[in-house]
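The structure appears below as C-alpha cells.
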Protein chains: 2
Amino acid sequence: MKPKSVDTVEFAKAIADETRQKIMAICCCELLSVNDIVEKTNVAQPTVSHHLKILKTAGLVRSERRGKQVLYTLNQERMAEGCCQVAENFAPEHPVELVE
Amino acid sequence: MKPKSVDTVEFAKAIADETRQKIMAICCCELLSVNDIVEKTNVAQPTVSHHLKILKTAGLVRSERRGKQVLYTLNQERMAEGCCQVAENFAPEHPVELVE
DNA sequence: ATATTATATCGATGTTCTTCAATATGTCAA
DNA sequence: TTGACATATTGAAGAACATCGATATAATAT
C-alpha cells in the first residue's frame, strides 16, 4: 500500500520561504512554544503564527496545547514523504527512498 | 566528501509553482523545445521562457541550442539532490537516500 | 471577576511573483 | 540581405505573499 499522496505544489509552496525554513529547522526535533520560536528567530509573533498556520495546513507541523502555550514540532514523516513524492515525480531515473 | 550543497530555499522556490511543475513533468524524461512546451501547457511563450529561466538559474534544467530551437530537459540528478537535501535538513530521523 | 500571559486573527503596507502583449535577438534558408 | 521562424527580454498589470502593529481570543492564577 502506497503512503498517503502528497500535493507537491502545496508541499513546495509551504517550504518555499526562508523564514519558514528557519522555523522548520528550529522545531525539527523539538517541541517548542510559539514564544520559543519568536525568540529564536527574531521574527514578530504574528508573523510566526502566520507561518505556523501555513505549515500546519500543509500537514508539516503538529501542535498541541499545553496550558496557555501551544507547542509545535515539525512532522518529519510528512517532510520525508513530500521529498520522496517530489523525487518520484521529477527524478524517476534517480530513485530516492525512505530508509528503515 | 559530501556532494555539492543545495540551497534549499532556492530549490523550494524554484519548484513552488504549478506551471513550473507542469513544465518539469513534461520535460522530465524528454528533450523538448520551448514551442513543444508551449503547446503542451497552453501557456504563453514568454511565460514558458520565464519559467525555464528560473529553473535554469536553480540548476534544475539543462538546455542546448539545436538550430533555431533551444531544447530543454529536466536535470533529474539535481532534482534528486534537492529532495535529499531537504529531507536531510528537515527529516533527519526519517533518512532518505538515493538508490543506485 | 480581574489581571496576566500566550497565541491567533485582523488590517494595512510593501514586496515579490505570475502572466502576457509587444518587441528584440538569434538562427537559418532562399 | 531579406524574410521567416524560434526564443529571450521588456514593461506593465494584477495576484499572491510576508510582515507587523493593533486587537481579539484563550487559559490560568489570584
Side-chain angles (χ1 to χ4, degrees), chain A residues 7-27 30-75 82 86 90, chain B residues 7-27 30-75 82 86 90:
Chain A
D7 177 337
T8 56
V9 173
E10 185 190 25
F11 173 72
K13 285 191 176 185
I15 68 172
D17 180 81
E18 190 176 359
T19 301
R20 275 198 296 281
Q21 287 202 10
K22 263 189 213 163
I23 292 172
M24 289 159 60
I26 285 174
C27 65
E30 276 188 283
L31 198 55
L32 294 178
S33 72
V34 176
N35 249 326
D36 290 338
I37 298 170
V38 168
E39 285 166 11
K40 296 199 182 205
T41 56
N42 285 325
V43 173
Q45 178 266 315
T47 305
V48 169
S49 281
H50 172 246
H51 287 304
L52 287 170
K53 189 178 186 179
I54 289 170
L55 293 171
K56 178 92 182 182
T57 299
L60 298 180
V61 295
R62 301 180 183 288
S63 65
E64 62 186 74
R65 185 170 275 277
R66 181 89 52 103
K68 298 184 229 184
Q69 313 190 102
V70 178
L71 306 181
Y72 285 87
T73 192
L74 193 63
N75 186 341
V86 171
F90 304 117
Chain B
D7 178 336
T8 55
V9 174
E10 185 189 25
F11 173 72
K13 285 191 175 184
I15 67 173
D17 179 80
E18 189 177 359
T19 302
R20 272 195 302 279
Q21 287 202 9
K22 262 189 215 165
I23 292 172
M24 289 158 60
I26 284 173
C27 66
E30 275 187 284
L31 199 56
L32 294 178
S33 72
V34 176
N35 249 326
D36 290 338
I37 298 170
V38 168
E39 284 166 13
K40 296 198 182 205
T41 57
N42 285 325
V43 172
Q45 178 266 316
T47 304
V48 169
S49 280
H50 171 246
H51 287 304
L52 287 170
K53 189 178 187 180
I54 289 169
L55 293 171
K56 177 95 181 182
T57 299
L60 298 181
V61 296
R62 302 180 183 288
S63 64
E64 61 186 75
R65 184 171 275 278
R66 181 90 52 103
K68 296 184 229 183
Q69 313 190 102
V70 179
L71 305 182
Y72 284 87
T73 192
L74 193 62
N75 186 340
V86 170
F90 304 116

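Here is how names work: the chains are called A, B, and so on, in the same order as the sequence lines, proteins then strands, and each is numbered from 1. No hydrogens, no waters, no symmetry mates; every other heavy atom, side chains included, goes into these values.
Within 4.0 Å (heavy atoms only), A:Ile37 reaches no atom of the nucleic acid at all.
For B:Ser49, the side-chain hydrogen bond (donor to acceptor under 3.5 Å, both in side chains) test picks out B:Gln45, with sequence neighbours left out. The side chain to side chain contact (heavy atoms under 4.5 Å, CB included) search around A:Ala25 returns B:Phe90, not counting sequence neighbours. Considering only residues two or more places apart in sequence or on other chains, A:Asp36 meets the side-chain hydrogen bond (donor to acceptor under 3.5 Å, both in side chains) condition with A:Ser33.
To the nearest 0.5 Å, atom CG of residue A:Leu71 and atom CD1 of residue A:Ile37 are 9.0 Å apart. Note that CD of B:Glu18 is 11.5 Å distant from OG1 of B:Thr41, once rounded to the nearest 0.5 Å. The distance from atom CG of A:Asp7 to atom NZ of A:Lys13, rounded to the nearest 0.5 Å, is 9.5 Å.
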Study note, to complete from the structure: Per-nt protein contacts along nucleotides 4-9 of chain D (heavy atom under 4.0 Å; B base, S backbone sugar-phosphate only, - none) come out as -BSBBB
What pairs of donor and acceptor atoms, side-chain ones from residues 50-62 of chain B against any protein atom, are under 3.5 angstrom apart with sequence neighbours left out?
residue, atom, partner, partner atom, Å
B:His51, ND1, B:Arg20, NH1, 3.0
B:Lys56, NZ, B:Ser63, OG, 2.6
B:Thr57, OG1, B:Lys53, O, 2.8

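When atom types are taken as modelled, the side chain of B:Gln69 and the backbone of B:Val34 share no donor-acceptor pair closer than 3.5 angstrom.
Comparing A:Arg66 and A:Val43 by the nucleotide of DNA chain D whose heavy atom lies nearest to each, the residue mapping closer to the 5' end is A:Val43.
Only A:Asp17, listed by number, bring a heavy atom of residues 7-18 of chain A to less than 4.0 angstrom from any atom of DNA chain D.
Rounding to whole angstrom units, CD of residue B:Glu64 and C1' of C:dT27 are separated by 16 Å. Atom CD of B:Gln21 and atom P of C:dC17 are 16 Å apart (whole Å).
The shortest distance between the side-chain N/O atoms of B:Thr19 and the OP1/OP2 oxygens of C:dT18 is not below 4.0 Å.
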